[in-house]
Amino acid sequence: MPVLAGAEPFHHEGGEVAVLLCHGFTGSPQSLRPWAEHLAEHGLTVSLPLLPGHGTRWEDLRITGWQDWYAEVDRELRLLCERRETVFVAGLSMGGALALRLAAKHGDAVRGVMVVNPANKVHGLAAHALPVVRHLVPATKGIASDIAKPDGRELGYDRVPLHAAHSLRRFFQATDRELPQVTQPVLLLRSPQDHVVPPADSARILSRISSTDVKEVILEQSYHVATLDHDADRIHEESLAFIGRIASGLGKEPGLGKEGTTAGG
């Protein structure tokens, strides 16, 4: 299936500091595109891949699982690390969980983690029924476009395939066990009014990681997809400041102001 217009991956060759961005479950790179472009405009090398099963139709997501989604960002991280010595990972929602697992697995290869409304659990009684219900019901209503801005729109599926939701639940369980292995600096930005991921998920993550350099930022004006919401500029500013501080402490120049080459739709 062709990729939906606007859901294409984004790549930019900039300076010596790189950022890997991970989009969320049933979403696409479109939800993080403004963030990626802002980082690129400030001279950073940026990779924003399209996860398998995403950006086309929800039926394509049904035949993928968390191992496929994680393998894609793991591959992208390894490619970045071959070209750049200082690499950060970031993500929205499930993408935040992917970023945290990358940090847990890759250790010092990841210099810092930035997550927006990171997910840690599939909530509700229905979650426990997924192992059985997924064989009876193909999909349920979608979770895309939880945005406070009246004109905000996320390019995501209007249906959630339950086979993929079951795999997502297992991924969260695996990642939760690995959170104590996260020791890198962490910037966590969350929305108090989030209709997809409850505040308990961020609280759980902050209580489980072993990082000592942690900053939590509250996004008062946004819902779940804060990267496309009223607080998008705040996310851009906080992430650039975070990257600049960590990179400078490592004796690296973030590459601000350098020109580069961009690929993507």
[X], [Y]: one ILVMFWY side-chain cluster at the under-4.5 Å cut-off?
X	Y	value
Leu162	Val122	yes
Phe10	Leu4	no
Leu179	Leu168	yes
Trp69	Leu79	no
Leu240	Leu189	yes

Could you please spell out the steps behind the side-chain contact (heavy atoms from CB on, under 4.5 Å) verdict for Lys141 and Asp158? CA-CA 6 Å; Lys141 65 179 181 179; Asp158 60 2; over 6 Å; no
Side-chain contact test, heavy atoms from C-beta onward, threshold under 4.5 Å: evaluate it for [X] versus [Y] and give yes or no.
X	Y	value
Ile143	Tyr157	no
Val186	Asp213	no
Leu98	Phe171	yes
Pro118	Ser202	yes
Glu238	Lys215	yes
Leu77	Val110	yes
Arg111	Val87	no
Phe88	Ile243	yes

Do the side-chain N and O atoms of Arg84 and Thr45 include a donor-acceptor pair separated by under 3.5 angstrom? yes
Roughly how far, to the nearest 0.5 Å, is [atom2] of [Y] from [atom1] of [X]?
X	Y	atom1	atom2	value
Leu51	Met94	CG	CE	5.0 Å
Leu188	Ile209	CG	CD1	7.5 Å
Cys22	Leu102	SG	CG	5.5 Å
Asp176	Asn120	CG	CG	4.5 Å
Leu50	Thr56	CG	OG1	7.5 Å
Ser222	Leu228	OG	CG	9.5 Å

One thing to verify: whether [Y] and [X] come together as a salt bridge, which I'm taking to mean a side-chain N less than 4.0 angstrom from a carboxylate O.
X	Y	value
Asp74	Arg78	yes
Glu59	Arg62	no
Arg204	Asp201	no
Glu16	Arg83	no

Looking at every non-hydrogen atom in both residues, tell me the closest pair between [X] and [Y] and how far apart they are.
X	Y	answer
Ser31	Leu92	OG-CD2, 4.0 Å
Ser210	Thr183	CB-CG2, 4.1 Å
Ser47	Glu76	OG-OE1, 2.7 Å
Gly107	Gln184	O-NE2, 2.8 Å
Ala226	Asn117	CB-ND2, 4.1 Å
Gly65	Ser167	CA-OG, 3.3 Å

Determine whether Arg190 and Leu219 satisfy the following criterion, side-chain contact (heavy atoms from CB on, under 4.5 Å), listing intermediate values before the conclusion. CA-CA 6 Å; Arg190 66 173 182 86; Leu219 307 172; over 6 Å; no
Just do the side-chain contact (heavy atoms from CB on, under 4.5 Å) check on Val116 and Trp35 with the steps written out, would you? CA-CA 11 Å; Val116 178; Trp35 191 8; 3.9 Å; yes
Test side-chain contact (heavy atoms from CB on, under 4.5 Å) on Leu100 and Val113 and set out the steps. CA-CA 7 Å; Leu100 287 162; Val113 185; 4.0 Å; yes
Is there a donor-acceptor pair closer than 3.5 Å between any side-chain N or O of [X] and the backbone N or O of [Y]?
X	Y	result
Asp229	Asp231	no
Ser28	Leu155	yes
Ser239	His236	yes
Gln30	Arg153	yes
Asp68	Pro52	no

Arg170, CZ: over 12 other non-hydrogen atoms inside 6.0 angstrom: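 No, because the 6.0 Å sphere around CZ of Arg170 holds 12 heavy atoms or fewer from other groups.
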Can you confirm whether more than 12 heavy atoms, excluding those of Arg57, are under 6.0 Å from its CZ atom?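 Counting other residues, nucleotides and ligands, CZ of Arg57 exceeds 12 neighbours.
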So that I know where these two stand, are His195 and His224 an aromatic pair - ring centroids less than 6.0 Å apart? no
Looking at Phe172 versus Trp66, is the centre-to-centre ring distance below 6.0 Å? no
Evaluation steps, side chain to side chain donor-acceptor pair (under 3.5 Å), between Trp58 and Thr26: CA-CA 8 Å; Trp58 71 262; Thr26 75; over 6 Å; no
Mark yes or no: Arg101 above the aromatic ring of Tyr70, with NZ or CZ under 6.0 Å from the six-membered ring centre and no more than 45 degrees from the axis.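 Ring-cation test returns yes.
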Fit a plane to each ring of His38 and His42, take the angle between them on a 0 to 90° scale, and name the class: parallel (under 30°), tilted (30 to 60°) or perpendicular (over 60°).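 His38 and His42: tilted rings.
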